[in-house]
Every structure is written in C-alpha cells, then in structure tokens.
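In what follows, a single structure is set out as structure tokens and then discussed.
Letters A, B, ... mirror the listed sequences (proteins, then strands); counts begin at 1. Quick note: numbers below take in every heavy atom, side chains included, and nothing from hydrogens, waters or symmetry partners. Predicted model only: the values in this text are computed from it and were never measured.
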Protein chains: 2
Amino acid sequence: MTARKAQRTARLIDLLSQRRVIHLSEAAALLGVSEMTVRRDIATNQGQIAYLGGHILAAAEIDTDTPYELATAADSHAAAKREACAHAVRKIRPDETIFVDCGTTLIHLIDLIPDNYQITAICYAMNVAERLSRKPNVTIIMLGGVYHPASASFSGTHDFDILKSVGINAAFLSAAGVDAKRGATCEHFHEAVVKQKVMSVARENYLVIDSSKIGKLKRAFFSGMDGFDAVITEHGEAGPGSF
Amino acid sequence: MTARKAQRTARLIDLLSQRRVIHLSEAAALLGVSEMTVRRDIATNQGQIAYLGGHILAAAEIDTDTPYELATAADSHAAAKREACAHAVRKIRPDETIFVDCGTTLIHLIDLIPDNYQITAICYAMNVAERLSRKPNVTIIMLGGVYHPASASFSGTHDFDILKSVGINAAFLSAAGVDAKRGATCEHFHEAVVKQKVMSVARENYLVIDSSKIGKLKRAFFSGMDGFDAVITEHGEAGPGSF
DNA sequence: GAGCGGTTGTTAAAATCCTCACATTTCAGG
DNA sequence: CCTGAAATGTGAGGATTTTAACAACCGCTC
C-alpha cells in the first residue's frame, strides 16, 4: 500500500465522520480519483469502510451494537417530554393552525398528532420542519431568516411579516428554564424574539416542558408565567399561577 | 395504513434490530410479499427504515441524515450534475453572498465549495439548508413560507422582504427543462416566482444543469435564456446565446 | 534507461436496481 | 352482497452498479 493510497483512505474515513453516507461517484470526485480506485480502496479496508449498493458508509455504522439507545439517550428526559406532549396534543383540534417551537421537546408533539388531522403548523427550526414534513395532511409554514446552528433555528426581523398573515389557534412553546420569579427563559436571545412575537399573535399559548426545567434560569427571557394559558409537564396541565 | 401493512413494517423493523442490513429481495421473501411492496413500506416509513441501493437498514444507523440524503443518493444524472457544479463553483469568491436554488443539482455545488471560504448562502429548500448547515464558515439565510413537499422548498410573498435587505453576488439557478425557444422552465409555479425574484436582484445569474435537461419543456416558465450570464453544464460554460 | 510490480484509468458487457404504468386483489362501509 | 379506495403484484424500460479485462502510469531497482 503506497503512501498515496493510505492518505486517500484516511481522507475518505474523515469524510465519513462528517457525512455518514457518501455516494461512490461523489467520493471519487471529492478524492480526485476514478470510481474504480475508490472501489479498490474500500475492498482493502473492509474493517473500517462499508459499502452498500453504490453508497459508502463507516463500517462502525453497521457493526457496533444498537445505536438506537444512543440516539434517544442524546435527548435527555425524552420519556418525560413525550409524556408532556401526550397531554399537550389534546389541545389540538383536527383543522387548526398551531405554532411549534424549536428544541427537542416538541418533536414528540408532532409525532403524536393524529395522521388524519389537517393542521397547519408554523415553525422556525429545521429539525421541526423536517419532522413535520414526514407527516401527512400537514401544511408547513417556515419562518425564515439567518441560521443559528446551536438550535437549528432561523431568526430575523422579516419573521414578523409572515406572522401578520396567519391566525394561530395554539402556540406550543418550549423553554430551557422556568423560574417562579423570572418566568420562562431560553438559551439564545434570537429565539426569545421569535417566541415573544408569536405569543403576541397566538390565541392560546401553552408552555410544554419536562419538570427538570423547573427552577432553572437561563440567559434569554421571553415571557412571565402569566403569559401562558397553561403549563404542561409530564404530570399534566397546570395553571400559570402554580409557579 | 392497514393493520396488515403496519404489522409487516413492525416485523421488518424487528428483523433489522437483529440483522442490521437486509437485502431487498431477502426481506420480500421473509415477509412473503413482493419487492415492490417492501419498497413502498420503506417509502412510507423513512423515519425508521433507511434504504440504500437495494439494502435495507435501520434509520438510526445513518441517523441525523434526513431522507434528503437518500434522495440525493438516488439522484439521476448525478455524475453530470456534479461535473457541472465543478465548473460553477469557480464563479464563487471566498467572501461572497450566493443564492442556491432548490433541487438536487446544486447540492453538489455546496459540497464543492472550499471549507475556508466565508460565504453567505441564501436558499429556500430544506435539503439545501440542511446540506449548507454541515459546512463550516457558512452563514445561511432561509427564505421561509409555505412548504412544498415535491421540491422540499418553501414559497410565499414574504420572501421578497428578505431579498431586499441582502446583496447577492451570484445566483445559481437550476431548471427542469431548457428550451431554445421558450427558455428555462421548472415543475412548479411557486418555484418560478422565487427564481424570478432572485434573478432580478442578483448581480450575476448562472443556470447550472446537466445536459439531459436541454430540449425539455416543463410547465412553469421562469426566464428566457438571455436572463442568464452563463449556462453551465457538465461540458463547461456556454453563453446564453448558444441555445 | 530498461525492467518490474503495484497502482490507476478506461472500456464494455452483464447484473442489478429504480420508476412508472397498469392490472389485480384486498378491505372496510354501505 | 356491493362498491370504491387502498394495497399489492407485474412487467417493461431506463438508469445505475458490478465485474472483468486490458492499457497506461508510477516509483523503484538494476
């Protein structure tokens, strides 16, 4: 094995750590060699590189034991979040327009909406939009803007133009911290701006959190507790006065 | 979804938890249905089941990769598109603002942009934004609006407000058809509206297509050939007059 | 510079996979 | 039992992937 070949293989593995799946022809272009050469590289490195029908992926992906748990474990308090969302989903009627905040909590809400509901969902985070797009009968409206990687969300002044032209029946908000005195807070200021603007136009505002958030205070304030029609946790629904 | 189909899907997922990778033909035999049916089952369960060139695997294996990744992988004329983009990427300077159209073609352009370039990219399709978000040093601006599943893109009147406040050095447009007489066309009217608006504010407009598009005519017209500063295919760059 | 093994690119044919359209079957309500 | 919608099977055609053979190239030694 020449130095050139070894280096090329290392580069391919490096690419896989970022991309998970790379098509053969794409890898060939990226590495500046022919497809045949990439094939041969893979054949001599079956331990690290896996190959399936034209697609290259890290061998670890299909070797190591169940990454399922890992994926769900990355989302802490997933069970509590899902339960809170199970309570929250009852607020949605079959033909309403809702707002879905960013974060991991409300992803569960989306999954729990019955497939036959014809809802319109407004969002501003990419992971939320992506999950919504998998559901049937959902009209998705994305508030655009500048991308913020930390929360996979978009923000900007223009958001507000869209909000003027839609009627939101219920807004489902998430928070990173809920404090009795200071109210609901999140990690990023740009998120807080969007949340506030949405809350000002939505008919009903629900804060959906798992109870681990209670007592915490984060840097970006977006609403006092009296701004919510209800606070929904895994234990059920509580009036805003209980905090 | 019938009970039978749901049960079959559950069985398939169960198989995947033991086997990691199952070939399409084997799954069809194991489940006692045709390969076509297994394909369709997978298509309606992209969240849990992933599919790569004839092989079925648990979606968790290639986690965080949205279904778009798979869409790109199954992309036809992928090699020609990538070559066209290799020509197109030379139009980008290290600190510019560009527009990236929707579709599968320009995904390759994104991959080919050098990592050390500090560019700002404007887009209106989810798969494009998703791919952009993986690159370092890129500022992403998303034009929001109503979601259109066919092209994973968003559209709406409000797009135009954002466009007023940015300066676009180069817009990279794609098309589903290019006709000598009628010019550039695409599948959906809502896309055409966005393309036209972008072209009116961008300093330079490049049409990037693989040559299979030439001679085709689709329903939504968005620009005559003289609207482009250049047409870029896998064979290189051509002036707009050559069509 | 000639010779050598290992590496790489190019082609063509075969096998496989994908998409689409249409025929058939199944299933839930009336 | 009838009926329409959903689900399923089938086959053709096109696109992609695989394999194999052969030619060209590289770095090295003699």
May I have the distance from [X] (atom [atom1]) to [N] (atom [atom2]), rounded to whole angstrom?
X        : N       : atom1 : atom2 : value
Leu52(B) : dT16(D) : CG    : P     : 16 Å
Leu24(B) : dT17(D) : CG    : C1'   : 15 Å
Glu26(A) : dT17(D) : CD    : P     : 12 Å
Ile56(B) : dC17(C) : CD1   : P     : 11 Å
Ile42(A) : dT19(D) : CD1   : P     : 12 Å
His55(A) : dA15(D) : NE2   : C1'   : 13 Å

Start with the C-alpha gap between Glu237(A) and Arg90(A), add the side-chain angles, then the distance that decides, and say whether salt bridge (charged side-chain N to carboxylate O under 4.0 Å, His left out) holds. CA-CA 11 Å; Glu237(A) 184 177 339; Arg90(A) 290 205 291 267; over 6 Å; no
Is the shortest side-chain N/O distance from [X] to OP1 or OP2 of [N] below 4.0 Å?
X        : N       : value
Arg39(B) : dC17(C) : no
His23(A) : dT17(D) : yes
Tyr51(B) : dC17(C) : no
Ser34(A) : dG9(C)  : yes

Using the ring centroid of each side chain, check whether Phe172(A) and Tyr206(A) are separated by less than 6.0 Å. yes
Find the distance between OG1 (Thr185(B)) and NZ (Lys213(B)) and round it off to the nearest 0.5 Å. 11.0 Å
To the nearest 0.5 Å, what is the distance between CD (Glu130(B)) and SG (Cys123(B))? 11.0 Å
Between Arg93(A) and Glu204(A), is there a side-chain N and carboxylate O pair less than 4.0 Å apart? no
Per Met36(B) side chain, nearest of listed nucleotides dT10(C), dT8(D), dT10(D): dT10(D)
Nearest of dG9(C), dT18(D), dG9(D) to any side-chain atom of Val33(B)? dG9(D)
Identify, between Glu35(A) and Arg40(A), the residue whose nearest nucleotide on DNA chain D lies closer to the 5' end.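 Mapping each residue to its closest nucleotide by heavy atoms, the 5'-most match is Glu35(A).
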Stepwise, does the side chain to side chain donor-acceptor pair (under 3.5 Å) test hold for Glu191(B) with Ser151(B)? CA-CA 9 Å; Glu191(B) 285 176 34; Ser151(B) 55; 3.1 Å; yes
Can you give me the bend angle of the helix from dG1(C)-dC30(D) to dG30(C)-dC1(D)? Use the axis through the first five pairs and the one through the last five, nearest 10 degrees. 30°
Side-chain H-bond candidate by donor/acceptor type, Ser211(B) with Glu234(B), under 3.5 Å: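 Yes - a donor-acceptor pair under 3.5 Å links their side chains.
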